[in-house]
Amino acid sequence: MRTEEVLAAIATGIWRWDDATGRVTLDAEAARLLGLPAEPASLTASGARSHFHPVDWNEIQGIVSLAVTEGTLAEARLRIMNEKGRVLRTVRARSKPVVRTLPDGVQVYELIGTLQEVAEPRPGTAIEGGSITGDWRRSREAFLLDAGRALAEARSTAEVLRVASSLSMPGFSPDGLAVFSTSPSQEPLRIVGLLGNTLADADNFAGLTVASDYPASEVIRTGRAIYLPTAEAYKERYPGIWPRIEPFARNSWAFLPLTVAGRTLGTWMAAFKNRVAFSPDERSVLNTVARMLAQALARAGVTESERELSLGLQRSMMPTLNTDIPGMSVAARYVPTGGGLQVGGDWYDMIPLPGGTTEAEGRGSGRFALVIGDVQGHDVRAAGLMGQLRIALRAYAAEGHRPDAVLSRASRFLAGMRQFPGPDSDGGTGAVAPYTVAGDDSADSTMTDEEYEKTGPRFATCLYMEVDPENGTLEIARAGHLDPVFRMPDGTAFIRQTAGGLPLGIEADSDYPTTQITLQPGELLMLCTDGLVETGGHDLATGWDRLRPVLEGDTGSSLEELADALMGVVHGPGSHYMTGPLPEHREDDIALVLLARDGSQPRADRQPPPRRTALTIAQAEPERIAGARRQLRDLLHDWSDDEQVDAAVLMVSEMVTNVLVHTDGDALLVAEAAGERGDRRLRVEVADVNDELPHRRRPGELASSGRGLVLMEVLADAWGVNPRGEGKSIWFELYESEDHEPDDSLPGRTRDVGAPEAGGPEA
């Protein structure tokens, strides 16, 4: 038997398409498949094209070009049309392009291949629309790769369903999708997602259960897919449910199980207006998509459960701010990182203090405490320690302790939690021994880094501030935390140096000195954790430089708007333009609290409010002199003459040092800058409790002291010494403008006044 006879017996025709001559040669079977008489024929390219669906013919051009380039087979499914435009059949064309070069150097190709009628759909059920034109295997693999990538990136159930609805399957895209789900504790069939229908249409499925005579229910019960290529097949197999399905005007349905780890989670339904025969290739694609969809839904369910758990934990740990504070406003923000967790080791709190109000009066009229802190780490253990520490702080505050006592007790509480189960002397694991800080020889040297991270000791930084809304008094105790930031009514912002101690948990018995500050009307206080400052490759210095323009530029904004602007610097759209100099761009939890004392903004025709700052430097804290210099520079950051700023810093350093060296008391520094910009007056006063007045000396060339008053005579525009009832104060003034008129009404103000010649300590 000849080859042509064998091919004819299996309904396979042979065709040849010569691109150089534009002729298409067909054998008898190929001619029959194209709707011609069953005899060999030769057609022009345009004549052959008239027998194919126009869409298919246009697409096959690209398929052939790709096959010529890659040297592979060109495979396509083509619809054969009659003179009336009716689809007669669908054929599969497979051909091999043979490229040859003409004498003039032009390359042409000749296609030699076969035509074979596709067995499905059955006669009378031809597919309407959406033919498969292209290399089926290549199209399927590309589609599945794209679908897998898109579903893998979906993070929620809604996003998974949105991705599923956007999938364009090669050759047969459904126009109606639904996901049905159930659980052992929930027998009713539940619609998780819909596409191509409205929620009102879902009412047609109300009352369906897993036991109902419905395809989705049967798939859940059996775990096997159901394909319904025609409406007649649906009606015949499920007559009871068909009246509810008929109004949707669909013609083909596929119900596939959503199975994960051998457990059927639900059913995925794909409905088609055009008839689909569900060939083996099409079923393979649908089954693969169903498996990927099931995995994506399972991952999204776990992620949503974890997110809900994290959000619940965050809501239970984060306080609700009391905004009804007479004369004050407060705002706060919290942004955790924690590797995807919604809660971390940072926290803030607002605690009503005893004695400030009765229950009937409400929380807003009495004293309260603001707390901000950061537990070491960004994991679940840090969040757990944060919750315990926050409760402990609330308990100590409720007992009426002062800020220093609250932090001391909190440090003892956290240090007492530093225990872990370790090997006992006999090599067992039942003993519980305290874990010392890093560097202690008694620490268990056999502990791995991972074990240390999970069970080792952790510390926490904290700032506890007691607030009296009536007079704006703030009493601050600090445990290794960042200093607060103050913003003056004119917009000047600076870091306010405060006394502090070790972070909580480092030592069981730690002292935490307090600093008392008065928040004036119109002033604002910012408390934050280091995540707001150091995130994005910044250290404390460059991070503060990044935040300062925002804090000073939003003087007319509400606290809520200012809080959003500060968070936007770190996590906003433009944050990647403000990265720092450090190579490690770490992320960290962020807690932010803003407190403002109400006060009207100065009008343009009024004198701007003066800038004031005060600082106490104890005998045991000479290192705070450097903080006083920094604070004065921040106060004068926009002073027009830099040399005057340097002179003021030098005189302050000299005055404070004299108090610490020549007296037994502390130094109280008060600085005030008042007036219009460009014509301001700076007055700095340093007071102590010693009644002995300084005297002028004439130090020799090699003397190490005695130049204090000489410096003030040279550098200050005015200076003097004011005796007090108990102690004295030394002051000086600097004028930003040479034409500045001194205010003679100020107490003790005498221009170029010297101190007594004798009777006091050396200056």
Side-chain angles (χ1 to χ4, degrees), residues 486-494 496-497 520 522-523 548 552 555 601-615 617 625 627-659 667-688 693-694 696 707-724 728-756 763:
F486 274 75
R487 190 184 74 183
M488 300 296 183
D490 67 347
T492 302
F494 62 91
R496 181 63 163 84
Q497 304 293 324
Q520 301 294 336
E523 292 183 345
R548 187 172 185 168
E552 293 183 336
T555 55
Q601 293 290 333
R603 293 200 325 239
D605 57 345
R606 290 183 181 177
Q607 185 85 353
R611 304 176 188 172
R612 294 189 183 93
T613 185
L615 181 65
I617 302 175
I625 297 178
R629 291 195 293 262
R630 289 194 300 269
Q631 197 161 306
L632 184 61
R633 285 192 180 276
D634 286 340
L635 190 72
L636 303 177
H637 73 280
D638 58 350
W639 197 267
S640 60
D641 190 345
D642 292 337
E643 292 185 358
Q644 282 188 318
V645 176
D646 294 337
V649 170
L650 176 60
M651 287 187 286
V652 164
S653 182
E654 181 72 19
M655 294 161 66
V656 174
T657 301
N658 279 339
V659 173
L668 174 61
L669 168 68
V670 179
E672 178 185 278
E676 297 285 349
R677 185 169 182 176
D679 189 28
R680 287 173 290 191
R681 172 188 55 82
L682 170 68
R683 181 182 177 92
V684 178
E685 186 172 352
V686 176
D688 62 77
L693 300 179
R696 185 185 294 108
R707 295 182 175 84
L709 298 184
V710 176
L711 285 175
M712 296 181 68
E713 286 181 344
V714 173
L715 300 177
D717 291 321
W719 67 277
V721 180
N722 294 335
R724 294 186 173 183
K728 64 181 179 300
S729 67
I730 304 176
W731 60 269
F732 71 83
E733 292 181 358
L734 291 177
Y735 307 135
E736 191 174 18
S737 171
E738 295 181 357
D739 300 329
H740 182 86
E741 292 293 335
D743 188 355
D744 294 331
S745 65
L746 290 173
R749 202 224 66 76
T750 305
R751 190 174 182 84
D752 297 330
V753 174

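Computed from heavy atoms alone, side chains included, the values below leave out hydrogens, waters and symmetry copies.
With rounding to the nearest 0.5 angstrom, the CG atom of D634 is 9.5 Å from the OG1 atom of T492. The CZ atom of R683 lies 5.0 Å from the CD atom of E733; values are rounded to the nearest 0.5 Å. Taking CD from E672 and CD from E685, the interatomic distance works out to 10.5 Å, rounded to the nearest 0.5 Å.
Counting all heavy atoms, side chain and backbone alike, W731 lies closest to V721 at NE1-N, 3.9 Å. Contact between G678 and S737 at its shortest, heavy atoms only, is O-CB, 3.3 Å. R611 approaches L635 most closely through the heavy-atom pair NH1-O, 2.7 Å.
Judged by distance alone, with hydrogens and angles left aside, the side-chain atoms of Q631 form a donor-acceptor pair with the main-chain N or O of Q497 at under 3.5 Å. Listed for the E736 side chain is a donor-acceptor partner under 3.5 Å among the backbone atoms of S640. Side-chain N or O atoms of E552 include one that pairs as donor or acceptor with a backbone N or O of A493 at under 3.5 Å. Proximity of a side-chain donor or acceptor of D688 to a complementary backbone N or O of V659 within less than 3.5 Å is not detected.
D717 places a side-chain heavy atom less than 4.5 Å from the side chain of Q644. Side-chain contact between T613 and F486 is absent, with no heavy atoms from C-beta onward closer than 4.5 Å. At least one side-chain heavy atom of M488 sits less than 4.5 Å from a side-chain heavy atom of E523. Side-chain contact between M712 and I730: present, with at least one pair of heavy atoms (C-beta onward) separated by less than 4.5 Å. Side-chain contact between M651 and L715: present, with at least one pair of heavy atoms (C-beta onward) separated by less than 4.5 Å.
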Problem set entry | salt bridge (charged side-chain N to carboxylate O under 4.0 Å, His left out) between D490 and R680, worked out | CA-CA 13 Å; D490 67 347; R680 287 173 290 191; 5.3 Å; no
For this session: Check the pair V686, V652 against side chain to side chain contact (heavy atoms under 4.5 Å, CB included), reporting the backbone distance first and the verdict last.
Result: CA-CA 8 Å; V686 176; V652 164; 5.5 Å; no
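Residues passing the salt bridge (charged side-chain N to carboxylate O under 4.0 Å, His left out) test with D646, sequence neighbours excluded: R633. Residues meeting the side chain to side chain contact (heavy atoms under 4.5 Å, CB included) test with A648, sequence neighbours left out: L632, L636, L682, F732, L734.
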